[in-house]
Amino acid sequence: MTKLKLKHYFGASMAAMVLNSCSNTKFLKEGQLLYTGAEVNIKNDTLSKKEKSNLAEALEDQLRPKPNSSFLGLRPQLYIYNITKEPKKDKGLRHWLKYRIGEKPVLLGDVDRKFNEDIIVNYSENKGFFNARATSDTISKNKKAKVIYTLTPGARYLISNVNFPVDSTLINSEIQSIKSESLLKAGNPFDLDVIKAERERIDEHLKNRGFYYFSPDNIIVQADSTVLKEPKVELFVKLKNNTPQLAKEPFTINKTIVFPDYNIDDVKVGKYGIPYATDSVEVQDDLYIVDPEKKFNSRIFNRALYFSKGDLYNRKDHNLSLNRLISLGVFKFVKNEFVVSDSLNNQFDAYYLLTPRPFQSLRLETLGKTSSANYTGGEVNLNWTHRNLFRGAEQLKASVYGAFDVQIGGPKDANNIIRVGANAQLSIPRIVAPFRFRSSSAYVPRTNFDIGYEYLSRTQLYTLHNFTGSFGYLWKENERKEHNLKVLDVTVVAPQNVSDKYLQQIKGDPANGIMPNPSLQRVIDKQLIFGPTYTYTYTNTMLPKKNTMYYKGSVDLAGTLAGILSGADAKAGNQKELFNIPFSQYAKMEHDFRYYRKVGDKSSFASRIIAGIGYPYGNSTTIPYVKQFFVGGSNSIRAFRARTLGPGSYDPTVQNASFFFDQSGDIKLELNAEYRANLYKFLNAAVFADAGNVWLVNEDPERPGGKFSKEFVKEIAVGAGVGLRLDFNILLLRLDLAMPLRVPYFEEGDRWTFDSIDFGDRNWRRDNLILNIAIGYPF
């Protein structure tokens with residue numbers, strides 16, 4: 001198909017979609033008008049253009065009902081509703097199409113203009129426009145109608161002064177101490193949302209000063225606009241007259257009582273006190289532990305709870321204690337109650353009612369998978385977890401797994417892959433170290449020990465035995481910041497059963513058209529990698545914000561101390577060994593930054609930048625193959641099959657090998673952008689573009705064009721595509737169809753592929769349209 005034909009094809013398709021959209025109105029009855037939305041106009045000479053726009057946008061968001069949903073100006077769900085005949089039953093395909101996929105038309109008759117006018121006026125008054133008036137009008141054309149609301153807000157009232165009346169009570173003195181930090185400022189506009197936030201601010205302070213029974217509703221903010229002739233109000237912030245006496249008193253902690261094996265049917269707290277015999281209660285540092293069966297070591301509660309006898313109650317320590325108990329991972333439910341034990345001295349007892357999860361669990365997982373490298377396979381995992389191994393909430397996780405990948409089709413026969421392995425992790429909910437570590441985070445720090453083994457066989461090629469082990473610490477400053485320091489991270493790779501076929505690929509066989517590829521030797525070399533690694537993660541994607549971000553940075557320093565102490569210098573022929581294996585020495589750094597922006601209620605924009613570099617030195621001239629960078633595949637540059645891209649402008653297809661797609665590099669740069677839109681409930685669509693490549697730090701004669709240079713921009717691959725995502729909450733199935741737009745290993749003047757696009761060519765579609773099937777979002 002030529003470019004001209006392609007243009008006509010898209011034009012005809014768009015025309016058909018527009019005609020279908022317009023045809024929605026032919027289903028309307030006589031006198032009916034399809035409601036297409038509302039618009040708010042602001043008549044005010046004192047507001048700036050931006051202020052008018054923001055106010056109008058906020059008002060339009062308040063209006064009801066919303067018009068039928070649209071996508072690119074079309075209303076496909078309404079069209080489905082209209083063309084689907086009325087079902088005879090409340091089930092079946094027709095009922096599902098009409099009432100689940102389709103969308104009933106929203107008509108002008110469904111709009112209560114007077115109700116919306118009242119909403120507009122009420123919202124405007126809450127923002128300080130006390131003399132607001134609203135009118136409305138309807139514009140109709142071609143059986144479609146929209147409503148135009150006109151708001152005349154008048155002058156916006158400003159705050160002239162903020163008063164905090166003084167009295168002799170303790171609670172008033174606390175409020176007086178923070179009045180300088182008030183959110184209500186003279187000269188600012190009157191805003192009900194700011195007033196609500198001010199009440200919350202005062203409540204937060206009082207809660208942290210012992211006033212447990214206080215509530216924001218105990219505060220009233222009175223506005224007086226009668227004193228001044230100009231549009232200004234004077235505010236008075238004070239306690240309501242009916243505020244309960246209990247809310248005005250600060251409380252201190254008397255006893256702290258923990259029920260670590262709590263069952264709501266067996267235990268009652270409150271005026272009955274501790275419901276067990278005295279000999280069932282363990283007292284440690286004024287902490288009462290009711291654990292007759294001794295399921296838990298009391299020390300874990302000393303570390304988790306931040307209240308002690310005589311402490312003034314504060315919300316910060318209250319929430320901190322609850323969060324730390326939850327983050328132990330051993331309790332299914334965590335409940336907290338404060339019961340007044342001495343009303344004369346304003347004291348209460350703190351009860352922690354903890355329902356443990358089953359200590360042991362066994363889970364079997366099976367999955368099927370496919371990749372853009374033409375591999376199809378499956379995996380079986382058997383996982384066992386013990387959540388309280390030594391009675392201190394220590395978690396032991398052990399798993400065994402088996403997996404296979406069979407290559408079906410593809411440009412080359414890459415042989416099948418079999419993986420069998422086992423691993424175990426012991427996680428201790430504290431820092432195990434010769435120094436004292438005290439964390440005020442809501443998350444319990446952990447000391448982790450990991451050990452694992454994997455048997456990997458690439459049939460007809462080679463077998464690898466992979467041993468791993470690590471020791472380190474994981475801690476979080478807060479819900480956004482996490483640190484993972486592995487003091488020692490060890491990997492040992494031992495090859496076995498290397499076939500003559502694979503060795504022939506390394507040495508080459510020019511007579512049969514096989515070029516030498518010595519770089520493949522690194523895959524089957526014995527490897528010993530050890531050293532510290534550190535990872536820092538920051539994210540605020542869990543917050544209800546319009547713009548959020550995610551960042552993950554890591555540093556890997558392998559063999560640094562051993563290389564310095566031994567004087568290793570591989571380039572000079574002085575390579576050192578441990579256990580008869582040359583140890584790796586390199587420095588590696590990687591950064592992964594992601595940015596998310598909500599475009600509307602049902603759409604968003606996501607982007608990602610990955611940059612990484614690894615540099616071998618001392619005892620190594622190359623970075624170990626398992627630690628290098630790769631690009632391509634369903635979570636990377638989707639227009640290229642997994643690990644087929646790079647390094648640089650090197651063309652992997654020149655190697656007549658059965659595994660040319662395993663291309664790696666020492667430097668990585670990747671950029672991704674994706675627009676995501678919800679079409680219907682669980683059905684989402686995406687348009688995306690990916691770019692990037694990997695490069696080598698040092699020249700490799702066997703992979704010409706692979707070294708990083710100042711011309712690297714010309715060697716960046718580009719791909720784009722569209723996707724569908726089926727989001728079932730517990731599972732997201734992703735289908736992305738991508739095609740390459742820029743191929744770095746083509747001749748420099750021919751790398752952009754626009755001239756070669758031919759959807760009518762079956763061979764072109766087979767080689768260039770890449771379907772990625774995956775679970776979850778790519779980033």
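The basis for the numbers below is simple: all heavy atoms, side chains too, and nothing from hydrogens, waters or symmetry mates.
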Parallel, tilted or perpendicular: which fits the ring planes of Phe296 and Phe359, with parallel below 30° and perpendicular above 60°? perpendicular
Within the side chain of Arg315, is there an N or O that forms a donor-acceptor pair under 3.5 Å with the backbone of Leu206? no
Donor-acceptor side-chain pairing of Asn41 and Thr150 below 3.5 angstrom: no
Between Glu394 and Arg391 the two heavy atoms that sit nearest each other are OE1-N, 3.6 Å
Should we count NZ of Lys43 as having more than 12 external heavy atoms under 6.0 Å? no
Looking only at heavy atoms, which two atoms of Asn336 and Tyr351 are closest? And how far apart? ND2-O, 2.7 Å
Got more than 12 heavy atoms from elsewhere within 6.0 Å of NZ, Lys248? yes
Could you walk me through whether Glu117 and Val121 satisfy the side chain to side chain contact (heavy atoms under 4.5 Å, CB included) test, starting with their C-alpha distance in whole Å, then the side-chain angles of each, then the deciding distance to 0.1 Å, before giving a yes or no? CA-CA 6 Å; Glu117 289 173 10; Val121 170; 5.6 Å; no
Heavy atoms, side chains only, cut-off 4.5 Å: are Val147 and Tyr35 in contact? yes
So for atom OH, which belongs to Tyr536, do other residues, nucleotides or ligands contribute more than 12 heavy atoms lying within a distance under 6.0 Å? yes
Which residue pairs pass the side chain to side chain donor-acceptor pair (under 3.5 Å) test with at least one member in residues 472-481, sequence neighbours excluded? Glu477-His483
Taking ring-ring contact (aromatic ring centres under 6.0 Å, His included) as the definition, give me every residue that meets it alongside His318, ordered by chain and number, with sequence neighbours left out. Tyr313, Phe338
Is the side chain of Ser124 donor-acceptor paired with the backbone N or O of Ala132 at a distance under 3.5 Å, no angle test? no
Heavy-atom closest pair, residues Arg357 and Gly329: NH1-O, 3.2 Å
Is it possible for you to check whether Arg676 lies under 6.0 Å from the centre of the six-membered ring of Phe779, through NZ or CZ, and within 45° of that ring's axis? yes
Hey, are the side chains of Arg303 and Val444 touching, using non-hydrogen atoms and a 4.5 Å cut-off? no
Flag for Asn314-Lys207: side-chain donor and acceptor within less than 3.5 Å: no
Heavy-atom side-chain contact between Thr169 and Leu239 under 4.5 Å: no
Does Asp203 reach the side chain of Asn218, with side-chain heavy atoms less than 4.5 Å apart? no
Strictly distance-based, threshold 3.5 Å: is any side-chain N or O of Lys52 a donor or acceptor partner for the main-chain N or O of Asn44? yes
For Leu158 against Pro189, the heavy-atom pair lying closest together: CD2-CA, 3.7 Å
Less than 4.5 Å apart, any side-chain heavy atom of Phe129 and any of Leu47? yes
Sidechain-backbone polar pair: Ser53 side chain, Lys50 backbone, donor-acceptor under 3.5 Å: no
Check residues 546-553 and write down every donor-acceptor pair under 3.5 Å in which the side-chain atom is one partner and the other belongs to a residue at least two apart or another chain.
{"residue": "Asn547", "atom": "OD1", "partner": "Tyr595", "partner atom": "OH", "Å": "3.1"}
{"residue": "Asn547", "atom": "OD1", "partner": "Arg597", "partner atom": "NH1", "Å": "2.9"}
{"residue": "Tyr551", "atom": "OH", "partner": "His591", "partner atom": "ND1", "Å": "2.6"}

If only side-chain N and O atoms count, and only distance matters, is there a donor-acceptor pair under 3.5 Å linking Asn116 with Tyr149? yes
Between Ser182 and Glu198, does any side-chain donor sit less than 3.5 Å from a side-chain acceptor? yes
Give a yes-or-no answer on whether the side chains of Asn684 and Arg725 include a donor-acceptor pair shorter than 3.5 Å. no
Which residues pass the side-chain hydrogen bond (donor to acceptor under 3.5 Å, both in side chains) test with Asn540, sequence neighbours left out? none
Under the ring-ring contact (aromatic ring centres under 6.0 Å, His included) rule, collect the residues that match up with Phe251, sequence neighbours excluded. Tyr213, Phe348
Ignoring hydrogens and geometry, is there a side-chain-to-backbone donor-acceptor pair from Asn346 to Glu249 under 3.5 Å? no
Main chain of Ile610, side chain of Glu590: is a donor-acceptor contact present, judged purely on distance under 3.5 Å? no
Rounded to the nearest 0.5 angstrom, the CG-CG distance for Leu320 and Leu325 is 9.5 Å
With a 4.5 Å limit on heavy-atom distance, are the side chains of Asp349 and Tyr288 in contact? no
Look at atom CZ of Phe333 and say whether more than 12 heavy atoms of other residues, nucleotides or ligands are closer to it than 6.0 Å. no
Using side-chain heavy atoms (C-beta onward) and a distance below 4.5 Å, is Leu59 in contact with Ile42? yes
Hey, is the main chain of Lys295 close enough, under 3.5 Å, to the side chain of Asn388 for a donor-acceptor pair? yes
Any side-chain to backbone donor/acceptor pair from Asn172 onto Pro165? Under 3.5 Å, distance only. yes
List the steps and the verdict of salt bridge (charged side-chain N to carboxylate O under 4.0 Å, His left out) for Lys127 and Asp193. CA-CA 8 Å; Lys127 292 298 179 181; Asp193 290 331; 2.9 Å; yes
With a 4.5 Å limit on heavy-atom distance, are the side chains of Thr46 and Glu51 in contact? no
Please check this pair: side chain of Arg209 against backbone of Pro250, looking for a donor-acceptor N/O pair closer than 3.5 Å. no
Does the Asp61 side chain pair with the main chain of Glu57, one donor and one acceptor, at a distance under 3.5 Å? no
Report the residues that fulfil side-chain hydrogen bond (donor to acceptor under 3.5 Å, both in side chains) with Arg734, sequence neighbours left out, ordered by chain and then residue number. Asn635, Asp736
